[in-house]
Trainee: 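Next up is a structure, given as structure tokens.
In each ligand, atom 1 is the first atom listed, and ligand 1 is the first ligand listed. Here, residue 1 is the first one in the sequence, and each next residue gets the next number.
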Amino acid sequence: MNVHEYQAKELLAKFGVGIPAGIAALTVEEAVAAAKQLPGPLYVVKAQIHAGGRGKGKFKELPADAKGGVRLAKSIEEVEAFAKEMLGNTLVTVQTGEAGKQVNRLYVTDGVDIAKEYYLSMVVDRATSRVAMIVSTEGGMDIEEVAHSTPEKIATITIDPAEGFMPHHGRAVGYALQLTGDLNKQAGKIAEQLYNAFVALDCDMLEINPLVETKDGNLLVLDTKMSFDSNSLYRHPDVVALRDETEEDPAEIEASKYDLAYIKLDGNIGCMVNGAGLAMATMDIIKLNGEFPANFLDVGGGATTEKVTAAFKIILRDPAVKGILVNIFGGIMKCDIIAEGIVAAAKEVNLSVPLVVRLEGTNVQLGKDILANSGLPIVPANDLGDAAKKIVAEVRAVA
Ligand code: ADP
Ligand code: MG
């Protein structure tokens, strides 16, 4: 789960992290009122969307030479003008895709006199089972380019969660950022505060870009992206309350209601599978046969009729889907029960695309008989390879 920049900053402030003052706004009037509460005379009006690259982004509705989603305002009147330009319009950035995202919230914040921009992020590194803190002296809007052409300017410091954040980690951050004296101390402190927040909030990603040195010698967090491990949300109701469903894929929201693990992908073959491992293998074998999966969908252990019906509906919402491959292993759930669920669901949703079903496991013959006698044009498959070949052939025949 992701949150907006202003929400992430409010969370970080509780851990002592230095952030510029700022207030969120949903309307132009609120943006003006927010600016009036700030000291001025410099304000920054920032589009709040769940995507980065806003500064260099473009609004679809504004002329091509107009500025992006982070605007420096020198007066309250400018704050008002920028808020009018941004609210309700669609911001396209390198991270939103071509469709862009509608801006429904703004963050009006103190303009900071920046001496230098740094980069600091944290992720859970599965390879080392540790938290990796990634830092660079080259923060700002071109960090992707830095990573690409001068990777030596990016340092990684790993923190063993059993040991926790130690003073030497702080010194390593200060050293990597080439800071001395008081700024070096501040870097160690802010790194520790960020690490504490990351662990306490069960983040899976935290990115500060830029972390800035101000002209008066302070380190401040100017931009934040934060995402949370969804398996931990049950213990963070305060974080769940920050969820903005308008930023999420409607199909993924629907799937979460039925406890289905669904991720939309770019291909044309809808997949319904039980078990994440089998789902991955199914996607691989579709690719091996020359087509692409339209989604990842794990219906889980109890593939009930209700769940299977919901899954069919979610897959069929995607207009790119030209065929569906169901690949289910009947272990805890017997194949005949699953087959009945598939038949009932296929009838209910008026299946409009070819459907290939591969069942394996307990009562498999019974299950296959139910599918064969259903009167539906279900194509049976015997194994994973056979299933992939058949659905690819079906989809290509339609195209
Ligand atoms: P994004 O990464 O989505 O483009 P940022 O919040 O990083 O958005 O803003 C882009 C750039 O705008 C920053 O690198 C920084 O130079 C400038 N900026 C952002 N917030 C402020 C601020 N409060 N004061 C001054 N400059 C800012
Ligand atoms: Mg940024």
Trainee: Any atoms of ligand 1 less than 4.0 Å from a non-hydrogen atom of Gly52? List them with their elements.
Mentor: 3 (O)
Trainee: Calculate the angle formed at the Mg ion (ligand 2) by O in Asn209 and OD2 in Asp223; 10° precision is enough.
Mentor: 90°
Trainee: Angle between ring planes, His169 versus Phe165, binned at 30° and 60°: parallel, tilted or perpendicular?
Mentor: tilted
Trainee: A quick test of your reading: do over 12 heavy atoms of other residues, nucleotides or ligands sit less than 6.0 Å from CG of Asp216?
Mentor: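 Above 12, so yes.
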Trainee: So if I count the atoms of ligand 1 from 1 in the order they appear, which ones are less than 4.0 Å from some heavy atom of Asn209?
Mentor: 7 (O)
Trainee: What's the separation between atom CG in Leu120 and atom CD in Glu207, rounded to the nearest 0.5 Å?
Mentor: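 Those atoms lie 9.5 Å apart.
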Trainee: Considering heavy atoms of the protein only, find what lies nearest to atom 8 (O) of ligand 1 and give residue, atom and distance to 0.1 Å.
Mentor: Arg54 NH2, 3.2 Å
Trainee: Hey, are Asn196 and Glu192 close enough side-chain-wise for a donor-acceptor pair under 3.5 Å?
Mentor: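 On atom types as modelled, these side chains do not qualify, holding no pair under 3.5 Å.
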Trainee: Look at atom 23 (N) of ligand 1 and say which protein heavy atom is nearest, naming residue and atom and giving the distance to 0.1 Å.
Mentor: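 I find the closest protein heavy atom is Asp110 O, 2.9 Å.
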Trainee: For Val343, run the side chain to side chain contact (heavy atoms under 4.5 Å, CB included) check against Val308, Leu371, Asn373 and tell me which one passes.
Mentor: Leu371
Trainee: Do Ile49 and Val70 belong to the same hydrophobic cluster, where Ile, Leu, Val, Met, Phe, Trp and Tyr are linked whenever their side-chain heavy atoms lie under 4.5 Å apart, directly or via other members?
Mentor: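 Per the 4.5 Å side-chain linkage, Ile49 and Val70 are not co-clustered.
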Trainee: Numbering the atoms of ligand 1 from 1, which are under 4.0 Å from a heavy atom of Val70?
Mentor: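 Atoms satisfying the 4.0 Å criterion: 8 (O), 9 (O), 12 (O), 19 (C).
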Trainee: Short list, please: which atoms of ligand 1 are under 4.0 Å from a heavy atom of Pro210?
Mentor: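 Close to Pro210: 7 (O), 13 (C), 14 (O).
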Trainee: May I ask you to identify, for Val212, whether its side chain, its backbone, both or neither come under 4.0 Å of ligand 1 on a heavy-atom basis?
Mentor: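 It is neither part, as no heavy atom is under 4.0 Å.
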Trainee: Kindly work out whether a path of hydrophobic side-chain contacts (I/L/V/M/F/W/Y, heavy atoms less than 4.5 Å apart) joins Leu351 to Ile342.
Mentor: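 Yes; Ile342 is reachable from Leu351 via cluster members.
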Trainee: Under a plain distance cut-off of 3.5 Å, with no hydrogens placed, do Asp244 and His50 share a side-chain donor-acceptor pair?
Mentor: no
Trainee: If you take all heavy atoms of Glu78 and Leu72, which pair is closest and at what distance?
Mentor: OE1-O, 3.9 Å
Trainee: Let me confirm one number: the CG-NE2 distance from Leu242 to His4, rounded to the nearest 0.5 Å.
Mentor: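 So the gap between those two atoms works out to 9.5 Å.
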Trainee: Hey, which atoms in ligand 1 end up nearer than 4.0 Å to a heavy atom of Lys46?
Mentor: 6 (O), 19 (C), 20 (N)
Trainee: Closest non-hydrogen protein atom to atom 4 (O) of ligand 1, residue and atom name please, with distance?
Mentor: Gly55 N, 2.7 Å
Trainee: Mark up the atoms of ligand 1 that fall under 4.0 Å of a heavy atom belonging to Glu117, in ascending order.
Mentor: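 Matching atoms, with element in brackets: 13 (C), 14 (O), 15 (C), 16 (O).
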Trainee: Where is the nearest protein heavy atom to atom 10 (C) of ligand 1: which residue, which atom, and how far?
Mentor: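 Closest protein heavy atom to atom 10 (C) of ligand 1: Met141 SD, 3.6 Å.
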Trainee: Going by the order shown, which atoms of ligand 1 are within less than 4.0 Å of some heavy atom of Gly111?
Mentor: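 Ligand 1 atoms under the 4.0 Å threshold to Gly111: 24 (N).
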Trainee: Backbone, side chain, both or neither: what part of Val112 comes under 4.0 angstrom of ligand 1, heavy atoms only?
Mentor: both
Trainee: How far is atom 26 (N) of ligand 1 from its nearest protein heavy atom, and which residue and atom name does that atom have?
Mentor: Ile114 CD1, 3.5 Å
Trainee: Considering only the protein, which heavy-atom contact is closest to atom 7 (O) of ligand 1, and what is its distance?
Mentor: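 Checked against all protein heavy atoms, atom 7 (O) of ligand 1 sits closest to Asp223 OD2, 3.0 Å.
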Trainee: Looking only at protein heavy atoms, which one is nearest to atom 27 (C) of ligand 1, and what is the separation?
Mentor: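 Here the nearest protein heavy atom works out to Leu222 CD2, 3.5 Å.
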Trainee: Can you check whether Leu297 reaches Val299 side chain to side chain, under 4.5 Å on heavy atoms?
Mentor: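 The answer is yes; the side chains approach within 4.5 Å.
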Trainee: Among all protein heavy atoms, pick out the one at the shortest distance from atom 22 (C) of ligand 1; state its residue, atom name and that distance to 0.1 Å.
Mentor: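 Looking only at protein heavy atoms, the one closest to atom 22 (C) of ligand 1 is Val44 CG2, 3.3 Å.
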